[in-house]
Amino acid sequence: MKNKLTKLEFKWICYDMGNSAFILLVATILPIYFNYLSSSQGVAEYNYLSYWSYAASISTLIVALAGPILGTLADYKDHKKKIFLTCAMLGALALACFWIPSSWFAFLVLFIAAKVAYSLSLIVYDSMLTDITTEDRMDAVSSKGYAWGYIGSVVPFIISLVFVLMYDKMGMTLKAAMMIAFVLNAVWWIAFTLPLVKSYKQKFYIEPEAHPVLDTFARLKDTLIKAKEQKKVFLFLFAFFFYIDGVYTIIDMATAYGTSLGLNTTGLLLALLLTQIVAFPASLTFAVLSKTKDTASLIKVAIIAYFLIALFAVQLDKQWEFWVLAVAVGCFQGGIQALSRSYFAKIIPENASGEYFGLFDICGKGASFLGTMLIGVVTQITGKQNLGVAALSIMFVIGYLIFNKVSKMDESSRRK
């Protein structure tokens with residue numbers, strides 16, 4: 001019974017399965033479709049990669065501004081579910097409309113809107129972890145969430161892939177195939193959102209106040225001050241900013257990077273499908289390891305692995321190398337995301353989880369800022385994609401060094 005999920009834990013995991021369909025599209029089909037739109041309008045290959053990078057960075061900046069405010073507001077009694085549902089539905093609606101724009105610029109605007117709604121929904125979703133399970137189960141539940149998210153997202157992705165790769169044999173246009181793919185994934189997202197919305201109840205909250213909007217800003221200011229005073233929390237967020245930014249940059253930019261190098265599109269999509277399949281057992285493995293191994297040690301192993309992945313990607317120019325990269329990413333992406341989420345949930349106040357996860361998600365949930373911007377700027381200046389990727393390895397080194405300090409502080413506090 002210890003290892004068995006409760007009904008509420010399972011429904012919480014369902015949302016990982018639903019929203020992961022969107023993020024898998026962002027990492028695979030969407031960059032290829034954007035390349036089709038931009039190249040048909042005369043945009044150069046290296047500019048295509050830069051524009052896609054800038055769009056990802058802009059969405060992150062918007063979340064960085066709105067996320068903490070929304071997270072703080074969600075901590076009020078009965079607010080969390082309403083805000084979560086609104087963001088999830090807006091994201092799914094925007095996804096369903098991706099096939100409509102014919103201009104590459106209009107498509108990027110819609111993409112930014114969908115990515116922002118997705119990221120904001122995750123701020124509230126992550127903060128629900130303190131409500132739906134106990135501290136001793138957080139590592140396992142969080143890891144299983146990512147694991148089932150990866151394998152669940154494969155179902156609509158494979159169906160979408162059939163239409164996208166075989167649209168001409170089916171007698172339809174690429175736009176029609178994309179419409180089916182986008183609407184299908186939007187429906188999937190909504191379907192796996194509803195079970196959680198139906199059953200979730202906010203256990204930890206703050207009572208409503210007379211001026212909730214003004215009080216939200218005041219509480220957010222207090223949270224920032226408290227985070228600085230709580231050295232472990234502050235240093236963890238600083239470390240997380242660097243290493244997870246690198247992780248999300250690799251996830252978000254893999255297809256765009258491979259496409260800009262001229263690698264076979266079908267091969268890229270199948271390789272990233274393999275990433276999802278590998279990530280399922282790998283994430284469950286991290287869930288098992290977290291019961292006997294120190295969470296901080298597992299996170300450090302994953303950071304080192306990503307450092308090596310970034311170095312390998314610098315010289316990537318062959319299809320088989322992209323497949324190796326895809327498998328390596330699949331082995332560690334679920335573990336580093338899930339354990340970072342549960343590690344943070346354990347070191348913050350339960351009744352202020354929305355506030356703190358607002359800060360947590362600034363650092364890179366669902367998108368990256370520094371990594372994508374570095375790739376975009378360096379690629380556009382030098383005309384060489386590999387040099388932009390090289391910068392990511394530095395981010396993992398910085399993240400590891402800071403997180404190492406956090407883990408030592410954690411060990412010291414446990415001894416006391």
Side-chain angles (χ1 to χ4, degrees), residues 1-14 16-17 20 125-152 232-233 235-237 239-240 243-244 246-247 251 275-309 327-350 353 356-357 360 365 396 399-416:
M1 293 299 291
K2 259 186 173 182
N3 297 323
K4 191 176 180 182
L5 292 170
T6 66
K7 287 183 179 180
L8 185 57
E9 287 171 347
F10 175 74
K11 290 177 181 179
W12 183 81
I13 286 172
C14 278
D16 248 322
M17 295 172 66
S20 292
Y125 171 70
D126 287 346
S127 72
M128 289 176 175
L129 187 59
T130 57
D131 291 316
I132 63 98
T133 192
T134 56
E135 184 175 325
D136 62 314
R137 293 172 62 85
M138 282 184 185
D139 286 334
V141 173
S142 183
S143 296
K144 287 176 182 178
Y146 275 106
W148 285 102
Y150 291 132
I151 204 68
K232 185 164 66 175
V233 173
L235 281 177
F236 174 81
L237 287 172
F240 184 72
Y243 75 72
I244 208 67
V247 170
I251 294 171
T275 298
Q276 301 298 108
I277 295 170
V278 170
F280 176 66
S283 297
L284 291 178
T285 301
F286 272 98
V288 173
L289 289 173
S290 68
K291 295 173 184 176
T292 56
K293 304 293 182 183
D294 179 52
T295 304
S297 298
L298 294 173
I299 292 173
K300 283 191 276 189
V301 168
I303 295 173
I304 293 170
Y306 263 99
F307 169 75
L308 296 175
I309 287 169
V327 172
V329 169
C331 287
F332 295 98
Q333 71 174 11
I336 198 168
Q337 290 173 289
L339 295 180
S340 295
R341 175 168 65 184
S342 56
Y343 185 90
F344 187 68
K346 293 174 187 176
I347 62 174
I348 60 172
E350 292 174 325
S353 60
Y356 280 87
F357 269 103
F360 178 84
K365 175 60 70 178
F396 291 115
Y400 180 90
L401 292 174
I402 300 171
F403 184 75
N404 193 45
K405 289 185 179 181
V406 177
S407 64
K408 287 180 178 177
M409 290 171 62
D410 208 16
E411 287 175 19
S412 177
S413 62
R414 281 203 301 266
R415 284 171 190 163
K416 292 177 182 178

Quiz item: Going by heavy atoms in the side chains, are I347 and V406 under 4.5 Å from each other?
Solution: no

Quiz prompt | Set of residues satisfying side-chain hydrogen bond (donor to acceptor under 3.5 Å, both in side chains) with respect to T134, sequence neighbours excluded | solution = D136

Quiz item: What is the distance from atom CD1 of I244 to atom CZ of F360, rounded to the nearest 0.5 Å?
Solution: 7.0 Å

Quiz prompt | Backbone N/O of Y125 and side chain of W12: donor-acceptor pair under 3.5 Å | solution = yes

Quiz item: Taking everything shown except K405 itself, do over 12 heavy atoms lie less than 6.0 Å from its NZ?
Solution: no

Exercise. Supply the atom-to-atom distance S142 OG to Q337 CD, rounded to the nearest 0.5 angstrom.
Key: 9.0 Å

Practice problem: For I151, enumerate each residue passing the side chain to side chain contact (heavy atoms under 4.5 Å, CB included) test, keeping only those at least two apart in sequence or located in another chain. | Solution: W148, F280

Quiz prompt | Exercise: identify the closest heavy-atom pair between A282 and C331 | solution = CB-O, 3.4 Å

Practice problem: Of all the heavy-atom pairs spanning A345 and L129, show the shortest one and how long it is. | Solution: CB-CD2, 4.1 Å

Exercise. Specify the closest pair of heavy atoms between G399 and A239, including all atoms of both residues, with the distance to one decimal.
Key: O-CB, 3.6 Å

Quiz item: Checking side chain to side chain contact (heavy atoms under 4.5 Å, CB included) for the pair F396/I304: CA distance, chi angles, key distance, verdict?
Solution: CA-CA 7 Å; F396 291 115; I304 293 170; over 6 Å; no

Practice problem: First locate atom OG1 of T275, then atom OH of Y150, and finally report the distance between them rounded to the nearest 0.5 Å. | Solution: 10.0 Å

Quiz item: Any ion pair linking E9 and K144 (charged N to carboxylate O, less than 4.0 Å)?
Solution: no

Quiz item: How many angstroms lie between CD1 in I336 and OG in S143, if you round to the nearest 0.5 Å?
Solution: 12.0 Å

Self-check item: Those residues that, when tested against S297, pass side chain to side chain contact (heavy atoms under 4.5 Å, CB included) (two or more places apart)
Solution: D294

Quiz item: What is the distance from atom OG of S407 to atom CD1 of I402, rounded to the nearest 0.5 Å?
Solution: 12.0 Å

Quiz prompt | For Y306, side-chain hydrogen bond (donor to acceptor under 3.5 Å, both in side chains) partners two or more places apart | solution = none

Practice problem: Just jot down the side chain to side chain contact (heavy atoms under 4.5 Å, CB included) partners of L298, sequence neighbours excluded, or say none. | Solution: F286, L289, S290, K293, L339

Quiz item: What residues form a side chain to side chain contact (heavy atoms under 4.5 Å, CB included) with K346, not counting sequence neighbours?
Solution: E135, M138, D139, T295

Quiz prompt | Between OH on residue Y400 and CD1 on residue I303, distance to nearest 0.5 Å | solution = 8.0 Å

Self-check item: Residue pair V278 / P281: nearest heavy atoms and the distance that separates them
Solution: O-CD, 3.2 Å

Quiz item: Considering only heavy atoms from C-beta outward, does the side chain of T133 approach that of T6 to under 4.5 Å?
Solution: no

Practice problem: Using the test side-chain hydrogen bond (donor to acceptor under 3.5 Å, both in side chains), find all partners of K11 that sit at least two apart in sequence or belong to another chain. | Solution: S199

Quiz prompt | Under the ring-ring contact (aromatic ring centres under 6.0 Å, His included) test, residues paired with Y243 that sit two or more places apart | solution = F240

Self-check item: Results of side-chain hydrogen bond (donor to acceptor under 3.5 Å, both in side chains) for S127 - residues two or more places apart only
Solution: K80

